[in-house]
Amino acid sequence: MSDVIDDQGRATGTAVPGDPNRPDTVDGIDDSGGSGTAGRLTAWQWFWLGFVVTLTVVGVLVVMNQVFFWNPGGFTLLLNAFLYVVLACFLSQVFVFIRARKGDQRPRFSVPWYDAVLVAVCVVTNLYFAVHAENISLEGWDYAAPPQAVVGAFVLWLLVLEALRRTAGTVVTVIAGAFSLYPLVAAGMPIGFLKGVPFPIERAATVHALGPDSILGLPLQTAGGILVGFLVFGVVLQRSGGADFFIGLARVVFGRSRGGSAKVAVASSASMGMMSGSAVSNVLTTGPMTIPAMKRAGYSGTYAAGIEATAATGGSITPPIMGTAAFLMVSFLGIPYSEVALAAAAPALLYYLGIFTQVDAHAARTGLRGEPRSSLPKAGAILRTGWPHLLALAALIGLLVWRGDEAQAPFLAAGLLLAIALLRPAHRIGGRGLLAVVVDSGRSIAEIVGIIAGVGLIVGALSMSGASLSLARELVAAVGDNVLLILIAGAVTCFVLGMGMTVSAVYVFLAIVMAPALVELGVNQVAAHLFVIYWAAASYITPPVALAAFAAAGIARTPPMGTAVTAMRLGAVKYVIPFCFALNPALVGQDDLGTVLLAVGLAIIGVFAMGAAFEGYVPIVEVALPLWARVVTFAAGLALLLPETVSSVLGLVVAVVLVAALRLTGARRVGAPPPEGPEGGSGGDAEEGDVEVRV
């Protein structure tokens, strides 16, 4: 779920299960039960480890108190006091975990003096504001603060920008910093719709730090109220063996089918996406296992890395645990998270169906087989060891759907899974494992809080200057009433911003500027916000940035740009689906049940047709497609995703007639498949596979 992993392309201490070169350690703690490196920590490192554990436990308990309404002894926290405590507990940890310079190779928990100063200042400043939270609200400190509060506001402003620089990078920080200063010059902007209410710098500082719409705005309120629980659940799920279980389950289900190693990569990455919602962390976690397996089965390195990158990118749009932007969407739309997850279910299904279709078609036309039965795990053994993970996911989904309490549900599901993990004799999490869960949770939450607090500056600047409404109004005026034109403009904007900003930052900015314009032109509001998320995430597999593809290329030792192009082709459906559900909201569940089922059913056929067109082969009916037929099949598939009944029926008829005609005239793959390699594949370069078409 952590955007910082995606945007910086580096791991954050999460071990890759099954990789013998990376033991299951995190931040110097061996949770495998061995001696590990914990015993080699210095006294100073032990101090910082204890500091992180203490603040994480206190911060999570404060969040749980707010979520479950415990209020011991009648003690309650005002909303702004609660958010300041969250910042004190987690924003401060950014300066413990993430170095000021990328090249700094100090050991874990070896905190330099200047970072220690930043930690202390961050804790003291936020606790000062938390203590005076009532005065801030009742006396309007955001507009008339005492001198010490003004100084504290400047300090918090700078701390948030520095935390953002470390977690999301320099580009995002420059953008957020420029926006945060925008109210100072808003009155003198030469373009009419960019003009806004002017603010002196000290007033801007107090509004940013003490007001309800900037650092403490909707993004941080969402992180504190909802996101913390899901981050903790994701960490517990992974630390209790969730990654190994889902990879093993994928091998049981898909391992023996043709191209089984690639299908395992797709299924396991989709499952990991439900835990993390992070594209690059998915690649770094599952890639070291799936990419070598695909290469041994006969896939070229470029194709194997492309499959892994494309499948991993779907994590941010895969329920039940999606990326950070999905939780922000909850606050912007004011709807339960269960509705967001339900709306995202069909598009995610279509996305992965497109990948599966291409993978299967590629395996069919190149003669790639699956793994032999003897090398696969047994289904019974996998389910016996992994049933707690299925139970926890079922509990989470049940609580989200039937109780509708997205804030409490992840804590309850995580507690259930953790209790089982602590009690099971065979797979018990020991003391060090529990410590690793706390440290992982603290780091994950700290990274998200660092990003979200910085993104809040953008929201606050547009809000205080009054420019947000005028920007949306000008967009609508510029395109007239052309919905398709504004969708194209939105897609390009999302993609360009996504090359330098996190998905959550892009979403927050465009949720204020672009989404209202889409809604004003008649696009369903849920579809409009999902459209922004989809296109913001597209940059992970699209050159020139393509961080997920570059991470996969590093594992496969393939050319990064070639890998990105392959990933883009394999994920081509991702570029089409957002336009389809923006024009046909039934694809995101925004219609009656019958219409939704019909739209999704036709879309499944359409995505299958498009996937077959991209690969030049139709699985199931086993028909090869010449170039002209690929063009026609793609057009038919696209027509099936459009909202008009006539176009959908026409597309269905064309696709069926075309495939039937090619089948009857003998256009199919010919020739025996190549001999099996070590895992049942060809052992050669799958990219070289050829198709003979007889028409």
Side-chain angles (χ1 to χ4, degrees), residues 259 302-303 306-307 310 347 350-366 484-485 487-488 491-492 534-535 538 541-543 562 564-584 587 599 601-670 686-695:
T302 301
Y303 198 90
I307 289 172
T310 305
L350 297 175
Y351 177 68
Y352 281 107
L353 175 64
I355 302 173
F356 262 102
T357 302
Q358 290 180 255
V359 164
D360 191 50
H362 182 86
R365 69 181 180 84
T366 54
L484 185 59
L485 185 59
L487 286 173
I488 294 172
V492 173
Y534 261 73
W535 268 96
I541 58 170
T542 310
V565 171
T566 301
M568 194 170 83
R569 177 170 64 83
L570 288 164
V573 171
K574 188 171 189 173
Y575 303 98
V576 178
I577 289 175
F579 287 95
C580 296
F581 66 62
L583 298 173
N584 186 6
L587 291 175
L602 291 172
I604 287 173
I605 302 172
V607 166
F608 179 81
M610 286 193 291
F614 291 139
E615 284 294 335
Y617 191 90
V618 185
I620 302 177
V621 294
E622 311 304 327
V623 170
L625 298 174
L627 181 59
W628 66 267
R630 294 172 72 170
V631 175
V632 175
T633 304
F634 175 80
L638 187 60
L640 280 159
L641 274 82
L642 296 177
E644 292 83 6
T645 305
V646 174
S647 63
S648 299
V649 172
L650 182 62
L652 180 61
V653 170
V654 169
V656 170
V657 170
L658 176 63
V659 170
L662 290 174
R663 175 77 181 183
L664 290 173
T665 55
R668 64 191 69 178
R669 179 175 55 87
V670 297
E687 300 272 29
E688 303 289 341
D690 202 0
V691 177
E692 179 180 337
V693 180
R694 294 183 295 157
V695 180

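Note that the numbering runs from 1 along the sequence shown for the chain.
Arg630 CZ to Glu615 CD: the interatomic distance, rounded to the nearest 0.5 Å, is 7.5 Å. Separating the CG atom in Leu602 from the CG atom in Leu641 is a distance of 8.5 Å, to the nearest 0.5 Å. For the atom pair CG (Leu650) and CD (Glu644), the distance works out to 12.0 Å, reported to the nearest 0.5 Å. Annotation: the span from Leu484 atom CG to Leu583 atom CG amounts to 6.5 Å, rounded to 0.5 Å. Taking CG of Asn584 as the reference point, atom CD1 of Ile577 lies at 12.5 Å (rounded to 0.5 Å). The CD1 atom of Ile541 lies 8.5 Å from the CG atom of Leu570; values are rounded to the nearest 0.5 Å.
Of the possible donor and acceptor atoms, one in the side chain of Arg663 sits under 3.5 Å from a partner among the backbone N and O of Val621. Distance alone, capped at 3.5 Å, is enough to place a donor-acceptor pair between the Glu622 side chain and the Ile620 backbone. Side-chain atoms of Ser647 never come within 3.5 Å of backbone atoms of Pro643 as a donor-acceptor pair (strictly under, hydrogens ignored). With hydrogens and angles disregarded, no donor-acceptor distance shorter than 3.5 Å links the side chain of Thr633 to the backbone of Ala655. The backbone N or O of Arg569 lies less than 3.5 Å from a partner atom in the side chain of Gln358, making a donor-acceptor pair.
Contact detail for Phe581 and Pro347: the closest heavy-atom pair is CD2-CG, 3.9 Å. Across all their heavy atoms, Pro619 and Asp360 have their closest contact at CB-OD2, 3.1 Å. Nearest heavy atom pair, residue Val654 against residue Ala636, reads CG1-CB, 4.2 Å. The nearest pair of heavy atoms linking Gly637 to Ala609 is CA-CB, 3.9 Å. Between Leu487 and Ala582, the shortest heavy-atom contact is CD2-CB, 3.8 Å. Here the shortest heavy-atom pairing between Ala603 and Leu587 reads CB-CD2, 3.6 Å.
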| field | From CA spacing to verdict: ring pair (Phe, Tyr, Trp, His ring centres under 6.0 Å), Tyr351, Tyr534 | value | CA-CA 11 Å; Tyr351 177 68; Tyr534 261 73; 7.2 Å; no
| message | Before you tell me yes or no, could you show the steps for Phe614 and Thr357 under side chain to side chain contact (heavy atoms under 4.5 Å, CB included), namely the whole-Å CA-CA distance, both residues' side-chain angles and the distance that decides it to 0.1 Å? | response | CA-CA 9 Å; Phe614 291 139; Thr357 302; over 6 Å; no
| Thr542 and Trp535: side chain to side chain contact (heavy atoms under 4.5 Å, CB included), yes or no, with the steps? | CA-CA 11 Å; Thr542 310; Trp535 268 96; over 6 Å; no
| task | Assess whether side chain to side chain contact (heavy atoms under 4.5 Å, CB included) is satisfied between Tyr352 and Ile355, documenting all intermediate values. | result | CA-CA 5 Å; Tyr352 281 107; Ile355 302 173; 4.1 Å; yes
| Worked verdict on Phe579 versus Ile488 for side chain to side chain contact (heavy atoms under 4.5 Å, CB included) | CA-CA 9 Å; Phe579 287 95; Ile488 294 172; 4.0 Å; yes
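Using the six-membered ring where Trp is involved, His362 and Tyr303 have ring planes that are parallel, under 30° apart on the 30 and 60° scheme.
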